[in-house]
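Below is one structure, written out as structure tokens, with a few remarks after it.
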Protein chains: 2
Amino acid sequence: MTQDASGPRPVATLEMVAALAGVSRATVSRVVNGLPSVDPKLAQSVKKAILALDYTPNRAARSLAKRRANTVTLIVPESTSKVFADPFFASVVEGIARYLTDTDYTLNMVISSESKPEKTRSFLLGGNVDGVLVVSHHSGDHSWTHLSGSLPMVFAGRPLVGGKESYYVEVDNEQAAYNATRQLIDSGRKHVATIAGPQDMPPGIDRLAGWRTAVQEAGLGEALVETGDFTQVSGTRAMQSLLDRGDPLDAVFAGNDQMAAGAYTAIQGRGLRIPEDIAVVGFDDDSFATSVTPALTTVHHPIIELGGKMAETLVNLIEGIPTDRVTVLPTSLVIRDSV
Amino acid sequence: MTQDASGPRPVATLEMVAALAGVSRATVSRVVNGLPSVDPKLAQSVKKAILALDYTPNRAARSLAKRRANTVTLIVPESTSKVFADPFFASVVEGIARYLTDTDYTLNMVISSESKPEKTRSFLLGGNVDGVLVVSHHSGDHSWTHLSGSLPMVFAGRPLVGGKESYYVEVDNEQAAYNATRQLIDSGRKHVATIAGPQDMPPGIDRLAGWRTAVQEAGLGEALVETGDFTQVSGTRAMQSLLDRGDPLDAVFAGNDQMAAGAYTAIQGRGLRIPEDIAVVGFDDDSFATSVTPALTTVHHPIIELGGKMAETLVNLIEGIPTDRVTVLPTSLVIRDSV
DNA sequence: TTGTAGGCGTTATCAC
DNA sequence: GTGATAACGCCTACAA
């Protein structure tokens with residue numbers, strides 16, 4: 001410990017900078033905030049003083065004066081503690097954090113405990129937050145939708161309800177699912193099943209719809225559908241049900257990579273080969289896609305970009321800059337070894 | 001939109017509460033902060049007013065007055081953008097966020113861009129943060145160690161250097177690795193290899209040491225060592241090297257689950273069976289452990305608890321509450337199907 | 001272009 | 001026990 005007894009070294013204030021530079025606080029404030037009307041000479045000496053004192057503006061004081069928190073909050077519904085196990089979540093957060101790094105906004109995360117939602121609510125509405133980001137896909141999200149009248153809010157993915165007014169960023173799940181299924185069909189598969197996600201969640205709904213369109217178009221049957229909850233075990237269970245039907249089956253489109261990985265277990269557990277006996281395509285292109293053997297062919301979901309775009313949209317909203325209400329990011333099919 | 005043209009509804013201030021309750025601001029402040037010396041009667045009417053006005057204290061004003069930010073920052077080294085792909089990271093964050101939810105501290109994340117470390121530094125030292133949490137295992141962390149004299153700081157895992165003064169939370173990697181290896185030996189394996197993590201990172205070093213102790217004790221060879229970087233592909237590469245040696249080999253202890261998953265690819269790629277031909281044990285018990293087939297036997301790493309304990313330690317440090325400098329969390333071996 | 005002065009919402013130090 | 005009153009560090013009319 002080389003720390004002296006005087007405690008943490010005092011932090012320089014704007015006033016100290018002003019004194020050192022021989023100008024008024026107002027002038028310092030102006031150069032700090034990059035206002036144009038400042039004599040270049042003075043600006044220089046102020047900058048020198050700032051450097052000399054290692055001055056950093058005090059966020060609290062600034063927020064108080066401007067009546068803006070310079071903070072955006074990421075809400076994580078507690079019910080969805082699963083999200084943390086979901087690679088999707090981490091990547092969205094990465095994208096958000098990365099974008100905000102270059103702005104004056106700070107990211108803060110709250111787990112909205114369902115036991116005391118009031119606490120979260122008053123935190124958000126208490127003027128401590130300039131905007132809100134909601135990441136989970138789950139229906140739980142919508143408990144916050146009503147705040148969007150009072151506070152700028154951006155969602156990851158189309159909200160199940162209220163979509164006409166909400167700001168959100170997503171990929172075209174339906175189109176992407178259609179393309180993925182087409183890949184299966186075009187490579188000659190005749191009996192294409194799907195493991196769909198929850199039908200009360202937009203990605204679950206839309207991806208199923210895309211599959212349906214593709215099989216209809218190809219004149220294939222639409223009966224081979226089982227539903228999971230986006231977890232790996234649910235994928236295994238769904239695949240087993242599919243196989244238990246005894247109907248011919250040579251391909252499956254899973255609603256996400258985790259369920260696809262689960263399907264692998266069921267398929268390989270019965271001694272069937274991927275892709276020889278059954279081809280598999282997933283969705284998301286997350287870590288599961290490359291951790292399984294054979295590597296999974298899947299829809300690439302640009303998740304980091306999605307997070308970044310969410311943050312960008314929110315900041316624009318906060319600052320009154322016109323922004324698209326809906327942003328749809330492009331996807332692509334990543335061909336690996338499972339088809 | 002049911003929002004009227006008056007903009008966001010005005011937020012109640014302490015002063016408004018005081019007016020409504022017919023007391024001074026000082027009294028309201030005392031009630032809000034739970035100070036004892038307040039007439040119960042008055043306290044009641046104040047509480048009623050607070051409820052009526054849906055009052056929430058303004059964080060900025062409070063921070064300014066108390067000269068405390070009530071903010072804890074999680075630093076994510078940019079070099080380590082991998083951390084986001086690492087299930088470990090998400091769980092630590094979950095633990096931290098969960099703990100902080102019940103405190104007055106707010107979590108905020110910064111990606112410390114290496115291009116402009118000064119920005120991060122002055123943000124941290126500018127009085128905008130009460131304490132710092134550092135999550136990555138990587139050596140990059142230590143670029144922040146020097147701040148620990150000026151700002152409370154808690155690490156995830158033993159720092160490579162400066163460990164004598166730092167506060168950190170970890171598991172006993174060496175003991176856990178020893179136990180895992182013993183499991184292999186006790187079940188009759190005679191040629192136990194290891195895929196070690198980077199030898200410039202404490203978990204890499206300590207887990208290798210645990211393996212070494214166990215094989216020495218059992219009189220087995222210590223030559224079967226390859227090193228990876230904790231990624232899946234490095235696990236595959238290391239396992240291939242091991243197999244290429246041509247030496248007898250019937251078990252492998254991997255430094256983490258991702259490398260174990262990578263090893264699976266190499267093993268199964270050569271037509272060898274797990275666990276019949278080669279038994280595999282991993283470390284961390286993350287999502288990779290259950291996504292592979294057969295399910296991986298591994299050391300359970302209590303990551304969420306680790307995050308929680310980090311946050312708890314930091315808050316204690318900030319508030320001057322005596323705390324253990326080092327916390328070691330218990331691990332356990334989770335037996336699945338790979339041994 | 002620059003400085004003066006008042007205020008942002010709370011807490012803390014005093015008297016009462 | 002309670003209430004004035006002065007900070008806390010910064011921004012922003014407004015005046016000069």
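Proteins get letters first, then strands, A, B, ... in listed order; numbering begins at 1 in each.
- Here the C1' atom of nucleotide dC8(D) and the CZ atom of R62(B) are 15 Å apart, to the nearest Å.
- For the pair L314(A) and V132(A), the tightest heavy-atom approach, listed with the atom from each and the gap, is CD2-N, 3.7 Å.
- Summarising the geometry, the separation between CE on M16(A) and C1' on dG9(D) is reported as 12 Å, rounded to the nearest angstrom.
- Among the atoms of the strands shown, only primed sugar atoms or phosphate atoms (P, OP1, OP2) are found under 4.0 Å from some heavy atom of V23(B).
- With respect to T73(B), the side-chain hydrogen bond (donor to acceptor under 3.5 Å, both in side chains) criterion is satisfied by exactly one of T106(B), D130(B), N128(B), N108(B): N108(B).
- Both R25(B) and L42(A) sit near DNA chain C, but only L42(A) has its closest nucleotide nearer the 5' end.
- Using a cutoff of 4.0 Å between basic side-chain nitrogens and carboxylate oxygens, K309(B) and E305(B) are not scored as salt-bridged.
- The nearest pair of heavy atoms linking V72(A) to Y105(A) is CG1-CD2, 4.0 Å.
- One can place CG of N33(B) at 10 Å from P of dT10(C), the figure rounded to the nearest angstrom.
- The residue V32(A) sits apart from the nucleic acid: no heavy atom pair falls under 4.0 Å.
- Of the possible donor and acceptor atoms, one in the side chain of R325(A) sits under 3.5 Å from a partner among the backbone N and O of S166(A).
- The NZ atom of K66(B) sits 17 Å away from the C1' atom of dG9(D) (whole-angstrom rounding).
- Nearest heavy-atom pair across V38(A) and L35(A) is CG2-O, 3.9 Å.
- The side chain of A26(A) sits closest to dT4(C) out of dT11(C), dT4(C), dC11(D).
- Rounded to an integer number of Å, the gap from CG of L53(A) to P of dC10(D) is 11 Å.
- For the pair E15(A) CD and dT4(C) P, the interatomic distance rounds to 12 Å; values are reported in whole Å.
- Distance CZ (R68(A)) to P (dC10(D)): 18 Å, rounded to an integer number of Å.
- Across all strands shown, T13(B) has heavy atoms under 4.0 Å from sugar-phosphate atoms exclusively, and none from any base.
- At dG3(C), one or more side-chain N or O atoms of T27(A) fall inside 4.0 Å of OP1 or OP2 (strictly under the cut-off).
- Here dG9(C) presents its P atom at 19 Å from CG of N70(B), a figure rounded to the nearest Å.
- Side chains of R59(A) and T71(A): a donor on one and an acceptor on the other come within 3.5 Å.
- Between N58(B) and dC8(C) there is no side-chain polar atom (N or O) within less than 4.0 angstrom of OP1 or OP2.
- Here the shortest heavy-atom pairing between T56(A) and G126(B) reads CB-CA, 3.9 Å.
- Remark on the helix from dT1(C)-dA16(D) to dC16(C)-dG1(D): inter-end axis angle 40°, axes from five-pair C1' superpositions, rounded to 10°.
- Nearer to the 5' terminus of DNA chain D, by closest-nucleotide assignment, is the contact made by G22(B) (compared with the other of L64(B) and G22(B)).
- Neither OP1 nor OP2 of dT4(C) sits under 4.0 Å from any side-chain N or O of S24(A).
- No donor-acceptor contact under 3.5 Å links the side chain of R59(B) to the base of dG9(C).
- Remark: the R67(A) side chain and the dG9(C) base include no donor-acceptor N/O pair separated by less than 3.5 Å.
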